[in-house]
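Here the structure is a predicted model, which means the values were calculated and not measured.
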Amino acid sequence: MGNNEFLFAQNDVQSAPPTIKAMRERQAAIAGAGIIGLATALELADAGWHVTLFDQREAMSEASRSAAGMLAGNDPEHPPALHALARLSLELYPVFLERVEALSGRKVPLRTSRTALGALHPPPGTVPLPAAALQLLAPKINPGGLEFFQLEETSFDAWDLAEALPSAARAAGILLREHTPVLQVRSEASAVQVETPQGSISAAVFLNAAGAWAPALDPSLPVFPRKGHMLTVELPGAVQTECVLRTGVIYIVPRGLNRYTIGSTVEDAGFDRTVNPDRIQGLFQKAVSLWPPLREATIVESWVGFRPASRDGLPILDTTAPNRWVATGHFRNGILLGPATGRVLAQCMSGRAPEIDLSPFRASRFATTPLRS
């Protein structure tokens, strides 16, 4: 039995002498096994930490699995404060996916390499696509008065990553405790006490990466769930595209095998998991309006996810108490920002300076921000 398993096993927690239950040097605990928690855990494990990762459900079962998987690091809608973190994540992604695949033995293939973005204003460094070029990328597309611009962006199926990343974490020696919510966290001198229904552990550092559920462990966090409906369709016939189509109101992401993921709504509905058929049909009709060939498609899957949104739409990456950290509020960019968030949080938790400026993501910025109505 490894150190992490020995530390956490319920019987040992109840009966072991205090010297065993005490904090182990370079022991880290993380709440939330989505891409943010898992990416941070891998970085910490690479740096020699023993990591225990808790999740109230299954790993990668919430926002991370629900995502479209677009690595839209150059999206013109990103606020300037996000640019450095997004650039770092794009730089890290090739090595990140290689490591996940090597550890898990599961391939996470890139499904697309280009995006046709419909916008009112050109993204920096782009020129409008001529109508003929746009039709070659997406036959029979209906621009609807928008100009389209080609971006060199990749995407993958988040479900592929959801299958591979937890296996990679286990192979890296990370102890993954699914169906084990963190109930309470207490700072005690140079340690953190983490309470769960199965017992408690002491750790040197703790990270709250519980996404939209992060405020349950720190009620001061101005983070709330933004519900999103999504669907996947299957399109028969010869008219297909391998290019992501994206506007301000809809995106269509090729998944291979004539399947496309379509999204998404942004709703203030709490944690209501109901899939509303009208919302799904509304998304489908918007997709058909943009790319009419989808009129012949069949809806094969639909679902909802809960994105963790902060009051200003930026992540919260900060320390909240001695030896306690938080990484949440990634909203629609959790997949994109996962590797970079894991890198900089692991650096901070190890007592090193992060390689980019994290001041835009400090929790203290909300001290002077009016409360959300």
Side-chain angles (χ1 to χ4, degrees), residues 32 34-40 43 63-64 66-94 96 115 117 119-126 149 151-156 158 161 207-209 211-212 214 221-226 228 244 246-249 251 253 263-264 266 305-319 325-348 353-369 372:
I35 187 171
I36 303 300
L38 283 160
T40 307
E43 290 280 350
S64 297
S66 301
M70 293 178 289
L71 302 185
N74 299 311
D75 192 320
E77 294 188 8
H78 288 330
L82 206 60
H83 290 173
L85 190 64
R87 283 195 301 268
L88 176 61
S89 224
L90 289 177
E91 293 170 4
L92 295 175
Y93 242 110
F96 174 74
T115 293
L117 174 67
L120 296 176
H121 305 289
T126 64
F149 307 86
L151 302 179
E152 300 303 314
E153 290 180 350
T154 58
S155 75
F156 55 78
L161 187 65
L207 173 64
N208 179 359
L221 294 172
V223 172
F224 49 95
R226 302 299 298 275
V244 173
R246 188 167 80 238
T247 72
V249 298
Y251 55 75
V253 185
S264 66
V266 180
F306 303 108
R307 311 176 191 91
S310 71
R311 260 204 325 260
D312 62 4
L314 291 174
I316 302 172
L317 311 176
D318 204 356
T319 181
W325 296 82
V326 63
T328 187
H330 292 75
F331 191 32
R332 305 177 86 162
N333 295 304
I335 291 291
L336 167 65
L337 301 175
T341 299
R343 172 67 61 86
V344 297
L345 260 295
Q347 289 167 341
C348 292
E355 59 192 87
I356 63 170
D357 178 21
L358 297 184
S359 59
F361 311 121
R362 296 219 171 103
S364 59
R365 72 187 188 269
F366 297 107
T368 57
T369 303
R372 179 176 177 271

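- Of all heavy-atom pairs spanning A67 and A158, the tightest one is O-CB, 3.4 Å.
- For S155, the side chain to side chain donor-acceptor pair (under 3.5 Å) test picks out T112, with sequence neighbours left out.
- Residues passing the side chain to side chain contact (heavy atoms under 4.5 Å, CB included) test with P354 are V344, Q347, C348, L358, sequence neighbours excluded.
- Considering every non-hydrogen atom in both A327 and L207, the closest pair reads N-CD1, 3.7 Å.
- By the side chain to side chain contact (heavy atoms under 4.5 Å, CB included) test, P94 pairs with no residue at all, sequence neighbours left out.
- Shown here for S64 and I335, the closest heavy-atom pair between the two residues is O-CD1, 3.7 Å.
- Residues T328 and P315 form no side-chain contact, since every pair of their non-hydrogen atoms from C-beta on lies 4.5 Å or further apart.
- The heavy-atom pair separating L221 from N208 by the smallest distance is CD1-ND2, 4.0 Å.
- When all heavy atoms of L314 and A81 are compared, the closest pair comes out as CD1-CB, 3.8 Å.
- In this structure the side chain of P76 reaches within 4.5 angstrom of the side chain of L117, judged on heavy atoms.
- The stretch residues 325-345 participates, sequence neighbours left out, in these salt bridge (charged side-chain N to carboxylate O under 4.0 Å, His left out) pairs: E43-R343, R343-E355.
- Among residues two or more places apart in sequence or in another chain, the side chain to side chain donor-acceptor pair (under 3.5 Å) test is passed with S310 by D312.
- The minimum heavy-atom distance between F331 and A309, with the atom names listed, is CD1-CB, 3.7 Å.
- T341 is linked by a side chain to side chain donor-acceptor pair (under 3.5 Å) to H330, counting only residues two or more places apart in sequence or in another chain.
- The side chain to side chain contact (heavy atoms under 4.5 Å, CB included) search around P124 returns none, not counting sequence neighbours.
- Residue pairs meeting the salt bridge (charged side-chain N to carboxylate O under 4.0 Å, His left out) criterion with at least one partner in residues 76-94, sequence neighbours excluded, do not occur; the list is empty.
- Considering only residues two or more places apart in sequence or on other chains, D75 meets the salt bridge (Lys or Arg N to Asp or Glu O under 4.0 Å) condition with R246.
- Listed for the T319 side chain is no donor-acceptor partner under 3.5 Å among the backbone atoms of W325.
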Exercise. Please step through side-chain contact (heavy atoms from CB on, under 4.5 Å) for the pair I316 and R365, ending with a clear verdict.
Key: CA-CA 9 Å; I316 302 172; R365 72 187 188 269; 3.9 Å; yes
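- Taking S89 as the reference, nothing meets the side chain to side chain donor-acceptor pair (under 3.5 Å) condition, with sequence neighbours excluded.
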Self-check item: Worked verdict on V244 versus M70 for side-chain contact (heavy atoms from CB on, under 4.5 Å)
Solution: CA-CA 9 Å; V244 173; M70 293 178 289; 3.8 Å; yes
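- Residues forming a side chain to side chain contact (heavy atoms under 4.5 Å, CB included) with S359 (at least two apart in sequence, or on another chain): D357, R362.
- Once rounded to the nearest 0.5 Å, the distance linking CD1 of I36 with CG of L337 reads 6.5 Å.
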Practice problem: Let me see the working for L71 and L90 under side-chain contact (heavy atoms from CB on, under 4.5 Å), right down to the final yes or no. | Solution: CA-CA 7 Å; L71 302 185; L90 289 177; 4.0 Å; yes
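- Evaluation of the ring pair (Phe, Tyr, Trp, His ring centres under 6.0 Å) rule for F96 yields Y93 as partners, not counting sequence neighbours.
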